[in-house]
Number of protein chains: 2
Amino acid sequence: MKPISLKQLAQALNLSSATVSRALNDSHEVSAETKGRVLALARELNYEPHPFASSLRRQKSKTIGVILPEVANNFFSLAIDGIEEIARLNNYHVLVYLTHDDHSREVDIVQHLAGGRADGILLSVASETNQFTHLDLLAERGIPTVFFDRVRAGSAAATVTTDDHRGGYKATQHLLQAGCRHIAYLLVSNNLSIGQKRMQGYQHAMQEAGLEYSPHLVVQGQRDKAENVALIRQLLEEHPEVDGIFASVESLALSAYEACHEVGRRIPEDVKVVGFSNMAAAALLEPGLTTITQPAYEMGREAAKILFKAITKNKPVLPAQSLELESELVVRRSTEAARLKP
Amino acid sequence: MKPISLKQLAQALNLSSATVSRALNDSHEVSAETKGRVLALARELNYEPHPFASSLRRQKSKTIGVILPEVANNFFSLAIDGIEEIARLNNYHVLVYLTHDDHSREVDIVQHLAGGRADGILLSVASETNQFTHLDLLAERGIPTVFFDRVRAGSAAATVTTDDHRGGYKATQHLLQAGCRHIAYLLVSNNLSIGQKRMQGYQHAMQEAGLEYSPHLVVQGQRDKAENVALIRQLLEEHPEVDGIFASVESLALSAYEACHEVGRRIPEDVKVVGFSNMAAAALLEPGLTTITQPAYEMGREAAKILFKAITKNKPVLPAQSLELESELVVRRSTEAARLKP
DNA sequence: CTGTTAGCGCGTTCAG
DNA sequence: CTGAACGCGCTAACAG
């Protein structure tokens, strides 16, 4: 059975569809009585205005698009949670797309969304992305866009990130304090500001400790997980002196654990690992496993708030609205307290 | 700058909009030459057909709705991943909604989606849900719906689940073999088949071992996490003999870890814990922590496949299409192999 | 092969 | 306060 239409509702009430439409939209220019009759029958018949007809007329999709590299990862899952919450408060719908770090896919999605399916976009760019012309289209069309976490380096748009430089610094410092002298860095992508900034923090801490930064100890992450494990494994074999690893994203941290396991290097006795990560199970990590945790849920919420401010007020998002939240170094919880804020 | 419309494209080409529409939809009844001209200009101008206008006319939203209790949880994240992949292959879009186990929210979402925003629905019901009248609307409207994981007990629709009875049995058996004699059960909800079936598996294993099933050792999970921790804590304090815990969902497993920690009971020395869970970090669990892992990604894929079969062939989903996949008992990976398939 | 017409279901004129 | 007419952008039916 097809859903009932405005017209049918109007006929059943002996009213014109215009009046019914007005009543349902709570217009001032309709009598309280008719309003009551309309609403009563609408409720009874489970009437829902057809969303696409309405969108077409109003030129509002009531939908935002969320584009993520992946979701099988606690950071982005928590972010979605925050985004969905804010969207719901604004009576908006959330379309989710995954790029799997594939640039061409990102371009496709953006182009499609720019065609009217979404009123705004939240984007965490694919690590493969190094061209950004597809984003110009969004600017031209005036579609508000907020970047979060994985941001175009040097972008002129609003962004929500964490204190990436500081996070990299804190993580490295933690390893140094634990006695590591040869710390490898697992880089996500040089196109991304998170890649650059976290690495700068790492270099900063290394220099401060009077240690030399060695490009041989940097592994550039790929899209394929097995490949990453192999690369890290190779690093560990060629550089047995490595006693610490800093992973700039969760997936690389997991690859590092795996690689260590494969070559029989114990964590944390032989190698200490710190990674950016939002594992729900962070509290359960083995002794010595430590994470830099981002406030993913809040980041999702804040990014969405900025976006909706632009959508509802019909103003562009300004770079000045950008936010930088604080990351936290989480050491395995044992009998004593867990969170160290240096 | 507003996106260009079909009409404008037609004018620029001195063609009628009908012809242009046909050309873009690769109709047989249009000359190869015109087709070429149209496609060339369309590409140049970045033309995208307005999705809602098209949907309105074709009565197809090209969108599916995915309704989940939560997403900050590896199981549902992985499921979304699988769902999105199949949707993309079908050129469909994915709307994500979270109920946070709130029944009224589930009803709202379903009613709205039934109004034409989605061609089909994938649903994992809220644990609070015990009335299912809102689902009748979907049946009336002929909107294909596939349930996964959290299924309406005794539903007549297609479902994708894991071998919940067997999973509960395996988990409990594992605890028994490890020497546990007083095993508590953390129940998610009696409205859900996963709650019932997993508990049956638990009871089955207990009986087989000649142990008595005690309702005092069953904790009924609530929506609030802190409350769950408190309840489990109370259990542990009132029943110091408890030496094993079986958690029927991930969130309860995490609450159990926390509660044990709070009352100073060590895992696994004092209490062994097994939970249904899809933690990416499962490989990193502490010794003695064991999980029952569901093939979440595959479940998402399979559920979506069933749904799209119905959508594209315009046939209803049949209960006979239901699938039951196999869960896996994953013991902490150490130097030896990890996966035990009994 | 192409153009004309009509209508998907709404919301918004403009009259009365 | 209410109704008739129009159009959002697209596709399907009917002509030619």
Side-chain angles (χ1 to χ4, degrees), chain A residues 1-39 41-42 45-63 91 112-119 141, chain B residues 1-39 41-42 45-63 91 112-119 141:
Chain A
M1 207 182 64
K2 281 192 52 176
I4 196 170
S5 81
L6 188 67
K7 214 184 196 170
Q8 296 173 292
L9 198 61
Q11 280 171 343
L13 287 161
N14 272 327
L15 287 171
S16 80
S17 50
T19 313
V20 177
S21 172
R22 281 189 280 245
L24 291 171
N25 289 296
D26 204 25
S27 162
H28 316 277
E29 41 182 352
V30 59
S31 78
E33 191 218 324
T34 354
K35 218 179 257 184
R37 284 208 305 141
V38 172
L39 290 177
L41 190 61
L45 299 183
N46 260 315
Y47 171 76
E48 286 271 347
H50 190 112
F52 293 167
S54 174
S55 284
L56 190 59
R57 187 60 239 253
R58 294 207 224 239
Q59 305 281 36
K60 276 276 173 197
S61 66
K62 284 280 183 181
T63 303
N91 284 313
H112 179 86
L113 288 181
R117 193 177 287 272
D119 296 340
R141 295 272 167 91
Chain B
M1 206 182 64
K2 281 192 51 178
I4 195 171
S5 79
L6 188 68
K7 214 182 194 172
Q8 294 172 295
L9 198 63
Q11 279 172 345
L13 288 160
N14 272 328
L15 287 170
S16 79
S17 50
T19 312
V20 176
S21 172
R22 283 189 281 245
L24 291 171
N25 289 297
D26 205 26
S27 161
H28 313 277
E29 40 180 356
V30 59
S31 79
E33 191 217 327
T34 343
K35 220 179 257 185
R37 285 209 304 140
V38 172
L39 289 177
L41 190 62
L45 298 183
N46 260 316
Y47 171 75
E48 284 273 345
H50 191 109
F52 294 168
S54 175
S55 285
L56 190 58
R57 188 60 241 248
R58 294 207 224 238
Q59 304 282 35
K60 276 276 173 198
S61 65
K62 284 276 183 188
T63 303
N91 284 312
H112 180 86
L113 288 180
R117 194 177 287 273
D119 296 340
R141 294 272 167 89

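By convention in this document, chain letters (A, B, ...) are assigned in the order of the sequence lines, proteins followed by strands, and residues within each chain are numbered from 1.
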Engineer: Say you draw a straight line from CG of Leu56(B) to OG of Ser61(B); how long is it, rounded to the nearest 0.5 Å?
Structural biologist: 11.5 Å
Engineer: To the nearest Å, how far apart are Gln8(B) CD and dC10(D) C1'?
Structural biologist: 13 Å
Engineer: In whole angstroms, how far is the P atom of dA12(D) from the NZ atom of Lys60(B)?
Structural biologist: 13 Å
Engineer: Could you check how far CG of Leu13(A) sits from P of dC1(D), rounded to whole Å?
Structural biologist: 18 Å
Engineer: Check every strand shown and say whether Thr34(B) touches a base, only sugar-phosphate, or nothing at a heavy-atom separation below 4.0 Å.
Structural biologist: sugar-phosphate
Engineer: Is there a donor-acceptor pair under 3.5 Å between the side chain of Ser27(B) and the backbone N or O of Ala23(B)?
Structural biologist: no
Engineer: In whole angstroms, how far is the P atom of dC10(D) from the CZ atom of Arg117(A)?
Structural biologist: 13 Å
Engineer: Quickly work out the Gln11(B) CD to dT4(C) P distance and round it to whole Å.
Structural biologist: 12 Å
Engineer: With a 4.0 Å limit, can you tell me whether Ser31(B) has a side-chain N or O closer than that to the phosphate oxygens OP1/OP2 of dT2(C)?
Structural biologist: yes
Engineer: So does Lys60(B) have more than 12 non-hydrogen atoms from other groups sitting under 6.0 Å from NZ?
Structural biologist: yes
Engineer: To the nearest 0.5 angstrom, please state how far the NZ atom of Lys2(B) sits from the CD atom of Gln8(B).
Structural biologist: 8.0 Å
Engineer: Would you say Ser31(B)'s side chain and Thr34(B)'s backbone share a donor-acceptor pair under 3.5 angstrom?
Structural biologist: yes
Engineer: Is any NZ, NE, NH1 or NH2 atom of the basic residue among Asp119(A) and Lys62(A) found under 4.0 Å from an Asp or Glu carboxylate oxygen of the other?
Structural biologist: no
Engineer: Taking protein heavy atoms under 4.0 Å as touching, what does nucleotides 9-16 of chain C look like 5' to 3' if B marks base contact, S marks sugar-phosphate-only contact and - marks none?
Structural biologist: BBBBB---
